[in-house]
Amino acid sequence: MAETEHRPTNFVRQIIEKDLQNGVHQTITTRFPPEPNGYLHIGHAKSICLNFGLASDYQGQCNLRFDDTNPEKENIDFVNAIKNDVQWLGFQWSGDVHYSSDYFEKLYDYAMELVEKGLAYVDFSGQDAVREMRGTLTQPGTNSPYRDTSVEENREHFIAMREGKYQEGECSLRAKIDMASPFMCMRDPVLYRIKFAHHHQTADKWCIYPMYDFTHCISDALENITHSLCTLEFQDNRRLYDWVIENISAPATPRQYEFSRLNLEYTVLSKRKLIQLVDENFVSGWDDPRMPTIAGLKRRGYTPASIREFCLRIGVTKMDNLVEMGMLEACIRDDLNANAPRAMAVLDPVKIVIENYPQEQTETLKAPNHPNDESMGYRELPFGREVWIEADDFREEANKKFKRLVLGKEVRLRNAYVIKAERVEKDDAGNITCIFCTYDANTLGKDPEDGRKVKGVIHWVDCSHGIKADINLYDRLFSVPNPASAENFVDTINPDSLITVTGVVEPSLTNASVGDAFQFERTGYFCLDANSTPERLVFNRTVELRDTWKDR
RNA sequence: UGGGGUAUAGCCAAGUUGGUAAGGCAGCGGGUUUUGAUCCCGCGAUUCGUUGGUUCGAGUCCAGCUACCCCAGCCA
């Protein structure tokens, strides 16, 4: 698709342009630093597009760095899934993949530097005591009794920590900053904690792991990151980021800038909540088409280009936001409208019999794959005496606004003939089982010769050639715009977020491959699901067509 | 008077030496159309959270007020 040509300006670009202009940097380096404790979602896509987009626009570099300082929550499967998703989105990181764990040895040395400068100490107060001494938002904290331990003792204790001489929770390394700071994160933050945990990169080499605030800024400096972009909740942490860089012999001075994270209506974008949806089986997995994950969106039928376009359209600011789903949907519709071949599928079939069509006759019609793009070619469409139409497209009686098939009235079968409904057959319950029609044989590819106007057009599938298919009709996962603000977000799950119907699709669709997208004319955009087999086709509805018809 | 942030149309968002409110999504009219789709044309802020002030002139500068978000993990 044609992505927005000129990227909209934003405050980060302005900072970069100023830095480049003033010679603060000759070139920029950014990074995308996910923790491998879950799958990437549309909110990460915003960050990915920002970081990789900036690097590309200013001829800089963008690293992929796994922020893997908490082995208990992370694993290699997430690492691989994340790499896969970044590439699927269309981005390639500079050089090799980086890991914060690559720097564990250096990080340890920098921590030791702080110890030797008297700026860090090993605290043996229990976790509860540490919390007690931290104070509150309005009251200053109090100094730990271990705050004035000698440098020599601290060095020995820190070495012993690394050697596994202490139990988990027995002690931690803390920075000596200011227990009365208005920034809670500056009240002697923990730098290292003890975890006898297996790490997916460093195995059992370490039993002490550095905290995010100590690790991130140093990793940025080691990779020569010029602009370290993160979300708003880290604004306070910037003080600690700068403190660490200033107090160690850092090889560079990276700067952190914060932007607002994405919030999308009718879904949740917090990793904790997404993990819960998966673990408690509210969805089929990380790639469930209702999930806002990259994998879920992909399976739903969203294209990389549509997601990139979305990220361009929402912009980058510091404002809290809740973006309408319609914004995302508009992006995929724009892409698919231009690029998805058309096909016909009937989701809720009712049979019509064309009584004046020769018994035993069938013919092969030709239909364009795209109404406005000749280059997409044509396909063959078998047509016969009996065809399926959408139950919705027929009414025994209706007003003039109903532009479909009505008893005694005419309608055009798309890409085929004009038919007229003559009578209906019903079962004992009064349900319509068959609609008997007649057709005008002289209306193939042209209007009726006597000049009568037929305004309605409906889609159809030939009964003897149509293929049965399972069609997953997806809707929003939650029934409220902001499930995250609900008491318990799982209580707001939309019970009808997935309805599977058995429909009939035109035979050309048997050639589709997994992931292929189509517009089922008049109903929406669909793609062939990963679980589809030649014996049983499965389609996922990506999004409905825009529908401005009011009186339904 | 803890601190850090943000306030421009239903949603997202431009606006940067103060000069008289971009654009996108949604919506509403109209035209084209063998998809109630697409496409095309037209329509929305006397007003920028609010109250004052400075100024010939303020969304942009100053002061006060209000609302909302974030911070008290040995999570990130």
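A, B, ... follow the sequence lines: proteins, then strands. Residue 1 opens every chain. Note that these values count all heavy atoms, side chains included, but never hydrogens, waters or copies made by symmetry.
When the C1' atom is used for both B:C65 and B:C75, the distance is 37 Å, rounded to whole Å. When the C1' atom is used for both B:G15 and B:G23, the distance is 12 Å, rounded to whole Å. The separation of B:A7 from B:C41, taken at their P atoms, amounts to 33 Å, rounded to a whole angstrom. Across B:U50 and B:G24, the matching C1' atoms stand 29 Å from one another, rounded to whole Å. Going from the P atom of B:A58 to that of B:G53 covers 12 Å, rounded to whole Å. The gap from the C1' atom of B:A13 to that of B:A21 amounts to 13 Å, rounded to the nearest Å. Taking atom C1' on both nucleotides, B:U60 is separated from B:A14 by 13 Å, rounded to a whole Å.
A:Met327 places its CE atom 8 Å from the P atom of B:A13, with the value rounded to the nearest Å. Taking atom OH of residue A:Tyr257 and atom C1' of nucleotide B:G5, one finds them 17 Å apart after rounding to whole Å. The separation between A:Phe383 atom CZ and B:U34 atom P is 18 Å, rounded to whole Å. Look at CD1 on A:Ile275: it is 11 Å from C1' on B:C75, rounded to the nearest Å. Between A:Lys318 atom NZ and B:G15 atom P there is a gap of 14 Å when expressed in whole angstrom units. A:Met211 places its CE atom 5 Å from the P atom of B:C75, with the value rounded to the nearest Å. Spacing between atom CZ of A:Arg261 and atom P of B:A76 amounts to 15 Å, rounded to whole angstrom units. To the nearest angstrom, P of B:A76 lies 12 Å from OH of A:Tyr192.
Among the atoms of the strands shown, base atoms are found under 4.0 Å from some heavy atom of A:Asn415. The residue A:Asp123 sits apart from the nucleic acid: no heavy atom pair falls under 4.0 Å. A:Asn372 comes within contact range of at least one nucleobase, with a heavy-atom separation under 4.0 Å. Contact annotation for A:Gly326: backbone-only contact, meaning every heavy-atom pair under 4.0 Å involves sugar-phosphate atoms and none involves a base. Nucleic acid contact class of A:Leu545 (heavy atoms, under 4.0 Å, all strands): base. Among the atoms of the strands shown, none is found under 4.0 Å from any heavy atom of A:Leu173. At a threshold of 4.0 angstrom between heavy atoms, the contacts of A:Gln127 include nucleobase atoms, whether or not backbone atoms are also involved. Residue contacts for A:Arg174: at a heavy-atom cut-off of 4.0 Å it reaches no nucleic acid atom on any strand shown. A:Val316 comes within 4.0 angstrom of sugar-phosphate atoms only, judged by non-hydrogen atoms across all strands, and of no base. Here A:Ser125 lies in heavy-atom contact (under 4.0 Å) with a base. Base contact: A:Gly445 has a heavy atom under 4.0 Å from a base atom. A:Leu444 comes within 4.0 angstrom of a base, heavy atoms only. Residue contacts shown for A:Lys271 are absent, as no nucleic acid heavy atom lies under 4.0 Å away. Among the protein residues, A:Phe310 comes within range of no part of the nucleic acid, since none of its heavy atoms lies under 4.0 Å from any strand.
Not a single donor-acceptor contact under 3.5 angstrom links the side-chain atoms of A:Arg546 to the base of B:U38. Taking 3.5 Å as the limit, the base of B:G36 and the side chain of A:Asp547 contain no donor-acceptor pair of atoms between them. No donor-acceptor contact under 3.5 Å links the side chain of A:Arg522 to the base of B:U35. The base of B:G10 sits with one of its N or O atoms less than 3.5 Å from a complementary donor or acceptor on the side chain of A:Glu324. The base of B:G36 sits within donor-acceptor range of the side chain of A:Arg404, with an N or O pair under 3.5 Å.
Nearest nucleotide to the A:Val457 side chain, out of B:C12, B:U38, B:U35: B:U35. With B:A76, B:A13, B:C69 as the candidates, the nucleotide lying closest to the side chain of A:Asp320 is B:C69. Between B:G36, B:A37, B:C71, one nucleotide has an atom nearer to the side chain of A:Trp549 than all others, and that is B:G36. Each of B:A13, B:G4, B:A26 was ranked by its minimum atom distance to the side chain of A:Ala330; first place goes to B:A26. The side chain of A:Val130 approaches B:C74 more closely than any other nucleotide in the set B:G36, B:A76, B:C74. When distances run from any side-chain atom of A:Arg313 to the nucleotides B:G36, B:G24, B:A76, the shortest one goes to B:G24. Of all nucleotides listed (B:A76, B:A14, B:C74), B:A76 comes nearest to the side chain of A:Asn70.
Ion pair A:Arg261/A:Glu233 flagged as a salt bridge, since at least one NZ, NE, NH1 or NH2 atom sits closer than 4.0 Å to an Asp/Glu carboxylate oxygen. A salt bridge between A:Arg379 and A:Glu506 is present, with a side-chain N of the basic residue lying under 4.0 Å from a carboxylate O of the acidic one. No salt bridge links A:Glu380 with A:Lys366; every basic N to acidic carboxylate O contact stays at or beyond 4.0 Å. Contact check on A:Asp440 versus A:Lys420 returns no salt bridge, with no Lys/Arg side-chain nitrogen under 4.0 Å from an Asp/Glu carboxylate oxygen.
Using N1 to N3 plus N6-O4 or O6-N4 for Watson-Crick, or N1-O2 and O6-N3 for G-U wobble, each under 3.5 Å, B:G49 pairs with B:C65. B:U33: no Watson-Crick or G-U partner with both key distances under 3.5 Å is found in any strand. With a cut-off of 3.5 Å on both pairing distances, the Watson-Crick or G-U wobble partner of B:G10 is B:C25. The partner of B:G2, taking Watson-Crick or G-U wobble pairs whose two distances both stay under 3.5 Å, is B:C71. Taking a pair to require two hydrogen-bonding distances under 3.5 Å in either a Watson-Crick or a G-U wobble arrangement, B:A58 remains unpaired.
Between the NE2 atom of A:His459 and the CZ atom of A:Arg342 there is a distance of 14.0 Å, given to the nearest 0.5 Å. Once rounded to the nearest 0.5 Å, the distance linking CZ of A:Phe124 with OG1 of A:Thr149 reads 8.0 Å. Taking CH2 of A:Trp460 as the start and CZ of A:Arg414 as the end, the distance is 11.5 Å to the nearest 0.5 Å.
Here A:Ser260 does not reach the OP1 or OP2 of B:G5: none of its side-chain N or O atoms lies under 4.0 Å away. Between A:Lys195 and B:C75, a side-chain N or O to OP1/OP2 separation shorter than 4.0 Å is present. Checking the phosphate oxygens (OP1, OP2) of B:A13, a side-chain nitrogen or oxygen of A:Thr317 falls inside 4.0 Å. At least one side-chain nitrogen or oxygen of A:Arg134 sits closer than 4.0 Å to the OP1 or OP2 atom of B:G73. Within the structure, a side-chain polar atom (N or O) of A:Arg131 is placed less than 4.0 Å from OP1 or OP2 of B:G73.
Looking at heavy atoms from C-beta onward, A:Arg395 lies in side-chain contact with A:Phe402 at the 4.5 angstrom threshold.
No cation-pi contact links A:Arg333 to A:Tyr525, judged by a cut-off of 6.0 Å to the six-membered ring centre and 45° from its axis.
Per the stacking criterion (ring centres < 5.5 Å, plane angle < 30°), A:Tyr212 does not stack onto the base of B:A76.
A side-chain donor-acceptor contact under 3.5 Å links A:Glu363 and A:Tyr357.
Taking the syn range as angles within 90° of 0, the glycosidic angle of B:G73 is syn.
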